[in-house]
Each structure stands twice: as structure tokens, then as C-alpha cells.
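One structure is given here, and the rest of the page talks about it.
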There are 2 protein chains.
Amino acid sequence: MTGTAEASLALALHLRGGRVTPQRRAIARLIDEAQMHVTAEEIYSQVSERLPGVSIPTVYATLELLEELGHVARVPTSSGPALFDTRTDEHHHMICRACGHVADLMASVDRERLVSAAGAHGFHAEQVQLVVQGLCDECAAAPVS
Amino acid sequence: MTGTAEASLALALHLRGGRVTPQRRAIARLIDEAQMHVTAEEIYSQVSERLPGVSIPTVYATLELLEELGHVARVPTSSGPALFDTRTDEHHHMICRACGHVADLMASVDRERLVSAAGAHGFHAEQVQLVVQGLCDECAAAPVS
DNA sequence: CTGGATGCAAACTCTTTGCATGCAT
DNA sequence: ATGCATGCAAAGAGTTTGCATCCAG
């Protein structure tokens, strides 16, 4: 996961004997330019503008590929469509239980301690994500619906 | 959320003019006795043994009710069916990306700090959950599939 | 009685699969 | 030329909705 998703995708695909297709390039490029948290559907509609004819299964397959390569990470949510995060550095999320909006949270957690705590349970930790649930400013102010 | 789900359910329902039905009692009771992390489907099949005829929509509705009352919490996951946690004290989760198994993680995070960090972003935090993703012992040992 | 809760079936959303075609290598 | 990737359509999970019936209060 060095450099852009588009570049490292080509490299990784060569190594594993995969193909660099226009669809994969276009999706990887969107990820590079991307807006933080996206659903497969959003990727689909945006990539469709640039490369008409892409299909949803291809979007899902490519997102899975990019996830393996570490260019996107799924955000753990409690409901709704899968959210892919284009930021892959250690950061966390606030998720509004009313509108579902996801925002980044700048805060540090003691990753080392948690990884070894997980290890003590026989778990091989790869990623530590913090999810803060509650209400975003707008939903907190909004009428009870 | 004082006492058992079954008991507090009755109280809360009276207060809001809701009804204490056999279905709700049975589901609340399962939650009281429960096994940590359950899907709606698991609740459904277990409650069906005691109270034949319950329907899936009722299970979902009751889980939502119990969630409002604070007797179950959804575990943020990256895929798969919704997981309801019957433990409502502050604790965290390790989720295996291979088999999906969820286990509790005993570790503390500085809740106060995170809640106020979220507050600084205008977010009204209610719950802080940590998700450690990786491989459980068995999947780490298992053949690459 | 009365309206909230239930069961059933159907709709819906999100994601994956099967299969024939197409294209990167 | 070879076989991986694609697009399409359809199947599949999981969850929600609509509506008539039922029963707790």
C-alpha cells in the first residue's frame, strides 16, 4: 500500500497474474481522489459517469480487491449498506444513529495495548477501529420526527 | 436499564402505554439468559421453541424495542447479519474477518476523552465501541482455503 | 371496547453467483 | 491463444412494510 491505489493496483495485479482493466483503473482512481466514506452504490454511480457500462458486480469485486491491497477499509457499522473508507491511516468514526452520517474522529487509542490484549485471547489483530455512536449535531437539534 | 430485560420491559411498556405480550416477554427472557452475541434469526429460532408461532417481524420489532431500552446493543460489524449483544456494559469486540466469529475483549478505553473529542466535533456521543478486526486463533491456523 | 401488537406475505435493499462474452497479457 | 474479468440477469441474504386479525389493558 505505497503510493496511489491506481499505481499499486497495477503492480499488485502483475504480481498475482491479474489484469489491469479500465474498470479497475477507474475505480482505483476514484478511491485515490475520493471522499472519505462511500458505499458501493456511490462508487458505481460515480465511476459510471467516467466509464459508462461498468456493472455493480465489478464494483463489488474491485472494492474487495482494493480492500485486500489495503487501499480501502470497511467501516464497521450497525446497519445499512457497507461503507468503504478511503483513508487507511489509523483514525476513528462517529456514526449518527438517526441519519447514518459518518464522520472521522481525530483521537488516538493505544493500539499496541489493544493488539496485545487481543493477542492474549489468541486473536491475531490486524486493525483497531473505534466507533462512537450517537447523534450528529443536526439530528440532535432536529425535531423528534 | 435496571434489573432484567423482562422486568424493565413491563415497566417501560406501561409508562409508554405499550403492551406486555407473551412474544415480548419470551424474547426479553431469552435476552436475560442469553449468549452474548445473537442474530435476529437465532433469537427467532430459540424463541420459537418456547412460543411456537412468533414471527420474524415481531422479533425485529422487539429487538428494536429492547435496544431503545438499553437491554441489547448492536455490535458494529463490517458485513453479515446484524448482531445483537446482550451485554450492555462497556466492553469491546474482536471480529474474525475469515469466519465472522465475535468475541469480547476485556480492555478499557478512555471513554470520557473520546466522548469529549466527539463533542468537540459537535457530535453527541452515546456509546463508544471498539472493534478489533483480524483472525481468530482457528482461522489463523487454518489452511489458506 | 380500542388501539397497539401480531402473523403472514410480499416488497425491498444490498450483495453475490452463474454463465456467456470479451479483452489484457 | 488463454483464461481472467466483465456485464447481465437472476438468485440470495437480511430486513422492513402493509394489512387484516387479535388480544392486552
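Naming: A, B, ... by sequence-line order, numbering from 1 per chain.
B:Glu67 places its CD atom 12 Å from the P atom of D:dT15, with the value rounded to the nearest Å. Between the C1' atom of C:dG4 and the CG atom of B:Leu9 lies a distance of 14 Å, rounded to the nearest Å. Going from atom CG of A:Leu63 over to atom P of C:dT15 covers 10 Å, rounded to whole Å. As rounded to whole Å, 10 Å separates atom P of D:dT6 from atom CG of A:Leu51. Between the CZ atom of B:Arg16 and the P atom of C:dG4 there is a distance of 12 Å, given to the nearest Å. Atom-to-atom, CD1 of A:Ile56 to P of C:dT17 comes out at 15 Å; the value is rounded to the nearest Å. Distance CD (B:Glu41) to P (D:dT16): 13 Å, rounded to an integer number of Å. Remark: P of C:dC23 and CG of A:Leu13 are 18 Å apart, rounded to the nearest angstrom.
Ring geometry for A:His37 against A:His91 counts as tilted: the plane angle lies between 30° and 60°, on a 0 to 90° scale.
OP1 or OP2 of C:dG7 sits under 4.0 Å from a side-chain N or O of B:Thr58. Considering only side-chain N and O atoms, B:Gln23 lies under 4.0 angstrom from the phosphate OP1 or OP2 of C:dG7. Proximity of A:Thr21 to the phosphate of D:dA5: no side-chain N or O atom is located under 4.0 Å from OP1 or OP2.
Within the nucleic acid shown, B:Gly53 comes within 4.0 Å of sugar-phosphate atoms alone, with no base atom in reach, counting heavy atoms only. A:Ala61 comes within contact range of no nucleotide atom at all, as no heavy-atom separation falls under 4.0 Å.
Although no hydrogens or angles enter the test, the distance criterion places a donor-acceptor pair under 3.5 Å between the side chain of A:Thr39 and the main chain of A:Glu42.
Taking every side-chain heavy atom of A:Ala40 into account, C:dT15 is the closest of D:dT6, C:dT15, D:dT16. Comparing D:dT17, D:dG7, C:dT6 by their nearest atom to the side chain of B:Pro57 picks out D:dT17. With D:dG25, D:dC8, D:dT17 as the candidates, the nucleotide lying closest to the side chain of B:Val20 is D:dG25. Distances from the side chain of B:His14 to the nucleotides D:dT15, D:dG25, D:dT16 place D:dG25 closest. Comparing atom distances between the B:Pro81 side chain and each of D:dA24, D:dT15, D:dA9 picks out D:dT15 as nearest. Checking D:dT17, D:dA24, C:dT15 against every side-chain atom of A:Tyr60, the shortest atom distance belongs to C:dT15.
Using modelled atom types and a 3.5 Å distance limit, the side chains of A:His71 and A:Asp32 yield no donor-acceptor pair. A donor atom on one side chain and an acceptor atom on the other are not found under 3.5 Å apart for B:Thr62 and B:Gln23.
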**OP:** Begin with the C-alpha distance, continue with both residues' side-chain angles, and end with the deciding distance and a verdict on side chain to side chain contact (heavy atoms under 4.5 Å, CB included) for B:Phe84 and B:Arg74.
**Re:** CA-CA 5 Å; B:Phe84 297 84; B:Arg74 281 171 204 261; 3.9 Å; yes
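For B:Glu64 and B:Pro22, each mapped to the nucleotide of DNA chain D holding its nearest heavy atom, the one lying further toward the 5' end belongs to B:Glu64.
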